[in-house]
There are 2 protein chains.
Amino acid sequence: MLGLSSFPTQTMPPPITGLFSAFLRRPLPHNTQLIYNYRRHLLHSSVEYPLTHPIYTIWASNTSLGKTLVSAGLSMSFISSSKKKFLYLKPIQTGFPDDSDSRFVYRKFSEFFISKPLPFSVYASNSVLKASIPAANQILGSNKDSGDEVIKKVGGLQNVQCYEERKLQGSETSNESELFPVSELVCKTMYAWKEAVSPHLAAEKEEAMVSDSEVLDMLKRCLENRPGPGNEDSEIMCVIETAGGVASPGPSGCLQCDLYRPFRLPAILVGDGRLGGISGTISAYESLKLRGYDIAAVIFEDNGLKNEVPLLSYFRNRVPVLVLPSIPKDTSDDLLSWFEKSQTVFASLEKIMLSGFQERNKRLHEMANKACDVFWWPFTQHNLVPEENVTVIDSRCGENFAVHKFDSISEQFDGCASWWTQGPNANMQIELARDMGYTAARYGHVMFPENVYEPALELAELLLEGVGKGWASRVYFSDNGSTAVEIALKMAFRKFLSDNDLLNENVNGKSIDLKVLALRGSYHGDTLGAMEAQAPSPYTGFLQQPWYSGRGLFLDPPTVSMCNGKWEVRFEKSGHRCFSFSSRDEIFETSRDSSVLASLYTSSILQELQLIIEQSHSHIGALIIEPVIQGAGGMEMIDPLYQRILVQECKNRKIPVIFDEVFTGFWRLGRESAAEMLHCQPDIACFAKLMTGGIIPLAATLASNVVFDSFTGDSKLKALLHGHSYSAHAMGCAAAVKSVKWFKDCKTNTNMIYESRLLRELWDEKLVMRISLLSAVRRVVVLGTVFAVELLAEGANAGYASTYASSIVKRLREDGLYMRPLGNVVYVMCGPCTSPDTCRLLLEKIYARIYEFEQLKNEKSASFAA
Amino acid sequence: MLGLSSFPTQTMPPPITGLFSAFLRRPLPHNTQLIYNYRRHLLHSSVEYPLTHPIYTIWASNTSLGKTLVSAGLSMSFISSSKKKFLYLKPIQTGFPDDSDSRFVYRKFSEFFISKPLPFSVYASNSVLKASIPAANQILGSNKDSGDEVIKKVGGLQNVQCYEERKLQGSETSNESELFPVSELVCKTMYAWKEAVSPHLAAEKEEAMVSDSEVLDMLKRCLENRPGPGNEDSEIMCVIETAGGVASPGPSGCLQCDLYRPFRLPAILVGDGRLGGISGTISAYESLKLRGYDIAAVIFEDNGLKNEVPLLSYFRNRVPVLVLPSIPKDTSDDLLSWFEKSQTVFASLEKIMLSGFQERNKRLHEMANKACDVFWWPFTQHNLVPEENVTVIDSRCGENFAVHKFDSISEQFDGCASWWTQGPNANMQIELARDMGYTAARYGHVMFPENVYEPALELAELLLEGVGKGWASRVYFSDNGSTAVEIALKMAFRKFLSDNDLLNENVNGKSIDLKVLALRGSYHGDTLGAMEAQAPSPYTGFLQQPWYSGRGLFLDPPTVSMCNGKWEVRFEKSGHRCFSFSSRDEIFETSRDSSVLASLYTSSILQELQLIIEQSHSHIGALIIEPVIQGAGGMEMIDPLYQRILVQECKNRKIPVIFDEVFTGFWRLGRESAAEMLHCQPDIACFAKLMTGGIIPLAATLASNVVFDSFTGDSKLKALLHGHSYSAHAMGCAAAVKSVKWFKDCKTNTNMIYESRLLRELWDEKLVMRISLLSAVRRVVVLGTVFAVELLAEGANAGYASTYASSIVKRLREDGLYMRPLGNVVYVMCGPCTSPDTCRLLLEKIYARIYEFEQLKNEKSASFAA
């Protein structure tokens, strides 16, 4: 499994350059080396671990609470019957070599074994993989004669082959009777520094930094399940011991609870049995929960204070709390009798860990089946989804899912962005999570009408200063894009009726038929009112929506895309004429207002409006458009010049203008609102999706004061009588406040160009062009966080129900990129904070898979021709 | 201001008994005493504090980190100019009298003052209010000659008048020149125990318990702003010092961060500058955030580790971090020179606290105004909402809001339950908040179709085992009740067309008009599709929804209510005949199936259906009803017998049956689903609102397998093509999992009758009856968590736009009960966990206000007659 990830404080490795092509079934001689590099490169930053045996992380609420004693005790307890292997990992060790937790585990285990031999033999080993120069020098100084050797200096950290091992002879075995001992203890320190301070200080002082991604990569390699010789069938348990407390910084300064988050391994928390220890233990537990960890058990040393009582009450008995005997304070004590005394506790802990592992595995294995049984997925023909196609998502970290598959957990980049909502990177997700906890605790949800509370007010202010700047003065909250659009239509109609003195017409018996003007291919939501504003399609047919009557009047807009490396505008109304541009930017220039195309557009619009007015007895009560890109309609980019002219013509006719920015808003297209790209303003605009950073539903309909004024009066009956239970719910507003601020702040979003309020270009221009040059590709649309490819397809392969792209999508999922096709359109979307390096890797994968698809197609036609 | 609250571990005090009447303008001689008791009773458990001066809580991430030094340092810094008063409160003190933090502050301040006198004099005092007997005996033993005296034993805690004071003579004052010193230091210990252990252990050991509500009540009284003589204009600052760490248990065992939560005072966190201290400080900060606290600053003792650097990075510089000089370890050191050295740090902290206070106050004062400027509230005629009517909600804790008003924060019971969504009590809210943080961190939101993740699966399983038990087999997720209903209609229509072989009819050009059968007065949501299923009303008129065409066929159902103390069924179709019942339970009995009324209902339904079929060329594609109570239609209870017969008749005709349980589901009416009360099952049912515990939007449409089957086939086009961006979003599902489990577990919900899966009766029967006997009352409906009163009103006073009830609602808000009227219907709702004692208090308030309303009305008519 390959996957991508961007870890909390990591910057992506530099992109590879030059030609490439990957994952072809048959090797292509000219670029085999590149494929190799590419795979390595991707493997480097993906997270993956086996689910064939339990792996737990040992955390503590503070330093010196006995994490290493717990690890050692577990190793003793676990290797008490044959055919077992215990892997102890200490990723970060400071104070080395004086302090070495892996050596402690190795030695205590050995001493314990020697004092109470097991019937079988055990190989025990301890090693250190990398150390800072001062730490490495210490070992070299002290251990020179033991064969340790510094191999290579890498960025201040040295590869050290500091390795010790011993065979612990079993009581019932002889040297001759066994080729290999049946059990094994493997202790490893991944990185060591000399100073006995926090890792971030030691790393800085000893000029031996290691990036978070390197730590995770090393950890991943250490976790790979490679049974030792003769141990193929052994049971394995692995523990990873962290350094200090749960939120102690790692070597980069990133808090360890954040650093290890992409793995999200189940946790054992070593608590504090002392006075004040209840508080520290609970707070540490909460810090772990706030990062999405599951805590299997809490264990601490008895200090006679019965701290377990309030802890169990806090946990409502749902997390086991274990109490270890008091640890001898005498430093000369070899602790062996303490370990002896503690064995029942460790046995219980081991049992909890094993059964927790089994339960998790069992659940992960049954989830796909159960999902097929109880879910009714939206937009899904269940008959076409066999159980094996169901993706079991264990968690997400920033832009990536962690997926359960083939007895392992691995990452996939969420390339369809959870239906175009994806926003946070890993850092932002952590802060959002804290804000969500805070907001639920501070407000839960409170009543909105006639009330005010901070998150709703702050968000309304941010929206009016941001996406509504210059025109909007009121914010109406609802739950999703569809409700936001229904509200917008109600607003527009009232404004229209009010402006045209038609408010009382219907009351007087004269029936007024209000229609909405829209563009063909647009999509505004799935509730009836929003659907009525769409052109007839599979969504609106009698089979789907027997109540759809079609209250829209539709224009065919000119579309924009890159075809064969060139940006083009195509306009059906001008006989499918095609106009080329030197760059995408040129298309957005307002100087085009005086172009030939502008006159063509104007006359076409006037002509169509004239026709509509003549043929229909209806009033056009509103114009609704998705500015710049029509999402669900197939990621079609519309010529902004056309939309600008259309808006102006409607404004001239006192037809209220609605921008449906549910998809396009909040930097989806590279700017806070797509309206900015059109250089014109609506009367009403709808926002949802990315507004909350993509974690929780919330929508807002913004309106100008003149629209608002058409609802004011003496009677409640004149007010806008529309609302939902969770109008302006505090958690949605708080998530939106965090997200809107985060996205636009160049301190938090490195993609934000300083002061320009523009996202930098995320997609590699040359790669985009090369993809557009592939013969299987009809067009490419790329803007902001969106990259879309329409495959050249005909007949049944085109359109919404097409499964033409599904083979590409399936392969890309294998490459660690999760996508969903829109018929024969393949698209990938990232968050506003996703690094261009990540985007480049995605494009490389897409290129490779479309290229492969094209080759297979050519092969087929060739064989057909033959 | 009066208010109600139920604190985390508190059980409400026993209800008062007997006659009462409260808050009448003119005293009623016969029950003055009762009013007095009533007010006292309410005051007892309400939370309120002034906003005239800063009040901060001092927390620490562990014991012994110097909270008291910070308090003392602040007192010295604050009282450095004239006319200032510093109030130091230590609510919980153990190890007393050897340890007394209030005495420490008092003494250190005095010593410091004497060593460096200020130009003016200061009165300093220290007192202890209550102590356990062992602790009190110690003071009596040691201080007998100083005049201290034990007064009264109250529940193991004694009132002790342990008081010391001194006048600290200013350097520029003489005894003669001033009547009163201009500055004042007041130190108070509220409760003291002898043992130097955690308060919950000391309280238990010394048999001196104090309930959480008593602690809060005492704290509230200590916080009341009563300036000392001569100090009327003084500036005041108050700090409250907690005991141990943020999550250390208080005397009841309730964690202190939970105990003080109803006040939600701004916090100062004393962090840990030692090795491992970064982690402890961050975790403590997160525990406070997870309870909705705002932390103004973090301060800790320097240990040379530069812990402030990673802390500031964690806070992204948004929380100030202050570092105090290293504290002398020598116990003989009088610390005066340390305080001297630390004065600049304390001055900075004081400045942060003062400006934080000013900012908070400024914001609270401007919020109502800004809200009127930028919000567009749903269902609200803005012209009718003057700024002074806007409720500024600072936070919520369980069932109560904290509201900003008149320079104070006080509590109101949320009696309209945030639009019928309110669920959690304070305990549940804390756990929900933790779950929300966890879920946001673990998942954020992930893509649903073809995928599975734990919260969605667990919720689907819970729903099918709970509200869908016995009939439902599929769960379709959406965002709110309105979308759930639109989805339900799409499901029902497909099933109907499929059952009646009409699927291809429309395709063949024959137009089929599908209608929905519904009850008059029902309400199913605000999107167009849901509105089409409603009878014409102000909501559906041309002014509001020009696209409404009315696709419903409506029956007039018989209604149930208590009138003048009697439960009655009224049925318009039988000439408004009225049928009496001995109890509400009798109305729900299935034995009524063979009653005279049953035959009456059957014949009436058959007759109406016949008429519909004759008069209309439409097909009835679905029946939709709100089982038992129609919410938005005015809290009308419908005879369950009628609904049962109607469902059966529709099932006989192969008309799919939809239960809209958006309002009624999840114990709103006392059972998990209202369907249980009807003793019949739907084909499709909609749930939302309370499902998530009332904190976040999520909806589910449940369907039977036969309904699901009408969407399966070979083509995606046959699938249900409806979905929203946040379909089955993880946070909503996780909130729902927590809530559904919490409500039905008698360990967490004390209202749940063991194993019966029934809520106990929450509303006092006698009081309900007395309210129904009031002459101003037309009818009462009471069931589960709902209590509703329709006022006797005629003409413009009746109906949705009526403001008839607004004076009662306004008064009740003054009483600490937040309600919104539905026209001339006044209702109050509680959560499924709200204690019957709280409900009783609410009814008492309502009784009193309606009684008062009635008196005024009678007075008016009397004066009119005269």
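Remember, predicted model here, so these are calculated numbers, not experimental data. In the text below, chain A, chain B and the rest are named by the order of the sequence lines, each starting its count at 1. Computed from heavy atoms alone, side chains included, the values below leave out hydrogens, waters and symmetry copies.
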For this session: Show your working on salt bridge (charged side-chain N to carboxylate O under 4.0 Å, His left out) between B:K370 and A:E454 and close with a plain yes or no.
Result: CA-CA 11 Å; B:K370 284 186 182 267; A:E454 191 56 59; over 6 Å; no
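- Proximity to chain A is limited to the side chain of B:S727, based on heavy atoms less than 4.5 angstrom apart.
- For the pair B:R261 (side chain) and A:R442 (backbone), a donor-acceptor distance under 3.5 Å is present.
- Salt-bridge formation is detected for the pair A:R291/B:E286: a Lys NZ or Arg NE/NH1/NH2 atom is positioned less than 4.0 Å from an Asp or Glu carboxylate oxygen.
- In this structure, chain B has heavy atoms under 4.5 Å from both the backbone and the side chain of A:Y443.
- Highest contact tally toward chain B, considering only A:P249, A:S198, A:G280, is held by A:P249 [criterion: heavy-atom pairs under 4.5 Å].
- Under a 4.0 Å N-O distance rule, the pair A:D435/B:K289 does not qualify as a salt bridge.
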For this session: Might you work through the side-chain contact (heavy atoms from CB on, under 4.5 Å) test for B:Q544 and A:L717, ending with a clear yes or no?
Result: CA-CA 8 Å; B:Q544 289 299 334; A:L717 298 180; 5.7 Å; no
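- A:R474 contributes a side-chain N or O that, together with a main-chain N or O of B:F375, makes up a donor-acceptor pair within less than 3.5 Å.
- Contact annotation for B:R551: both backbone and side-chain heavy atoms come within less than 4.5 Å of a heavy atom of chain A.
- More than 12 heavy atoms of other residues, nucleotides or ligands shown are found within 6.0 angstrom of NZ on A:K718.
- Summarising the geometry, atom OG belonging to B:S473 is positioned 9.0 Å from atom CG belonging to A:D373; distances are rounded to the nearest 0.5 Å.
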For this session: Test B:V475 against A:V374 for side-chain contact (heavy atoms from CB on, under 4.5 Å), laying out the working first.
Result: CA-CA 6 Å; B:V475 180; A:V374 300; 5.5 Å; no
For this session: Could you give me the CA-CA distance, side-chain angles and deciding distance for B:M447 and A:C416, then say whether side-chain contact (heavy atoms from CB on, under 4.5 Å) is met?
Result: CA-CA 8 Å; B:M447 171 68 81; A:C416 56; 3.4 Å; yes
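- Looking at B:L464, only its side chain comes within 4.5 Å of chain A, counting heavy atoms on both sides.
- Here the shortest heavy-atom pairing between A:E486 and B:L528 reads OE1-N, 2.6 Å.
- Interface residue B:E450: backbone and side-chain heavy atoms are both found under 4.5 Å from chain A.
- Among B:H729, B:K490, B:R820, B:H722, the residue with the largest count of heavy-atom pairs under 4.5 Å with chain A is B:H722.
- Side-chain contact annotation: A:D394 with B:Y453, donor-acceptor N/O pair under 3.5 Å absent.
- Counting heavy-atom pairs closer than 4.5 Å to chain A, the top residue among B:V390, B:I278, B:I282, B:L457 is B:L457.
- If you tally non-hydrogen atom pairs under 4.5 Å between each of A:A530, A:G244, A:A456, A:S64 and chain B, the highest count goes to A:A456.
- Looking at B:S279, B:S287, B:S61 one by one, the single match for side chain to side chain donor-acceptor pair (under 3.5 Å) with A:S283 turns out to be B:S287.
- Your options are A:T712, A:V385, A:T63, and the one with the most heavy-atom pairs under 4.5 Å with chain B is A:T712.
- Atom-to-atom distance recorded for B:H445:NE2 and A:Q429:CD is 12.5 Å, nearest 0.5 angstrom.
- Counting heavy-atom pairs under 4.5 Å between each of A:H200, A:R494, A:M436, A:M731 and chain B puts A:R494 at the top.
- Residue B:Y285 touches chain A through its side chain alone, counting heavy-atom pairs closer than 4.5 Å.
- The candidate from A:N62, A:N307, A:L543, A:T748 with the greatest count of non-hydrogen atom pairs under 4.5 Å with chain B is A:L543.
- Neither the backbone nor the side chain of B:T439 comes within less than 4.5 Å of any heavy atom in chain A.
- By number of non-hydrogen pairs under 4.5 angstrom with chain A, the leading residue of B:G694, B:G277, B:S248, B:A284 is B:G694.
- B:L290 touches chain A through backbone and side chain together, each having a heavy atom under 4.5 Å away.
- Proximity to chain A (any heavy atom under 4.5 Å) is shown, for B:H724, by both the backbone and the side chain.
- If you measure heavy-atom distances from B:L255 to chain A, the contacts under 4.5 Å come from the side chain alone.
- Here the options are B:T483, B:N480, B:T527, the test is side chain to side chain donor-acceptor pair (under 3.5 Å), and the partner is A:D479; only B:N480 passes.
- Contacts between B:Y476 and chain A at a heavy-atom distance below 4.5 Å involve backbone atoms as well as side-chain atoms.
- Both the backbone and the side chain of B:V392 come within contact range of chain A, with heavy atoms under 4.5 Å apart.
- The ring pair (Phe, Tyr, Trp, His ring centres under 6.0 Å) with B:W376 is formed by just one residue from the set A:F477, A:F448, A:F711; it is A:F711.
- Chain A forms the most heavy-atom pairs under 4.5 Å with one residue out of B:V662, B:T380, B:V197, B:T281, and that residue is B:T380.
- Closest non-hydrogen pair, A:P449 versus B:P378, comes out as CB-O, 3.6 Å.
- Side chains of A:F542 and B:L497 form a contact here, defined as non-hydrogen atoms less than 4.5 Å apart.
- Residue contact with chain B, scored on non-hydrogen atoms closer than 4.5 Å, involves the side chain of A:Y818 exclusively.
- The ring of A:W547 has its center closer than 6.0 angstrom to the ring center of B:F493.
- Ranked by heavy-atom pairs under 4.5 Å with chain A, the first of B:S549, B:A417, B:G713 is B:G713.
- Residue B:Q381 comes nearest to A:K716 through the heavy atom pair CB-CA, 3.8 Å, listed as atom of the first residue, atom of the second, then distance.
- Chain A forms the most heavy-atom pairs under 4.5 Å with one residue out of B:G276, B:P310, B:G723, and that residue is B:G723.
- Using a 4.5 Å cut-off between heavy atoms, B:L384 contacts chain A through its side chain alone, with no backbone atom that close.
- Residue contact with chain B, scored on non-hydrogen atoms closer than 4.5 Å, involves the side chain of A:L201 exclusively.
- Contacts of B:E431 with chain A are made by side-chain atoms alone, with heavy-atom separations under 4.5 Å and no backbone atom involved.
- When atom types are taken as modelled, the side chain of B:Y726 and the backbone of A:L698 share no donor-acceptor pair closer than 3.5 angstrom.
- Ring pair A:F708/B:H382: centre-to-centre distance below 6.0 Å.
- The part of B:S482 that comes within reach of chain A is its side chain, from C-beta onward, which places non-hydrogen atoms under 4.5 angstrom from that chain.
- Of the residues considered (A:A371, A:S725, A:G541, A:G245), A:S725 shows the highest number of contacts with chain B, using heavy-atom pairs under 4.5 Å.
- When all heavy atoms of A:P546 and B:L514 are compared, the closest pair comes out as CB-CD1, 3.7 Å.
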Exercise. So B:W377 and A:L720, side-chain contact (heavy atoms from CB on, under 4.5 Å) or not? Walk me through it.
Worked result: CA-CA 8 Å; B:W377 285 303; A:L720 182 43; over 6 Å; no
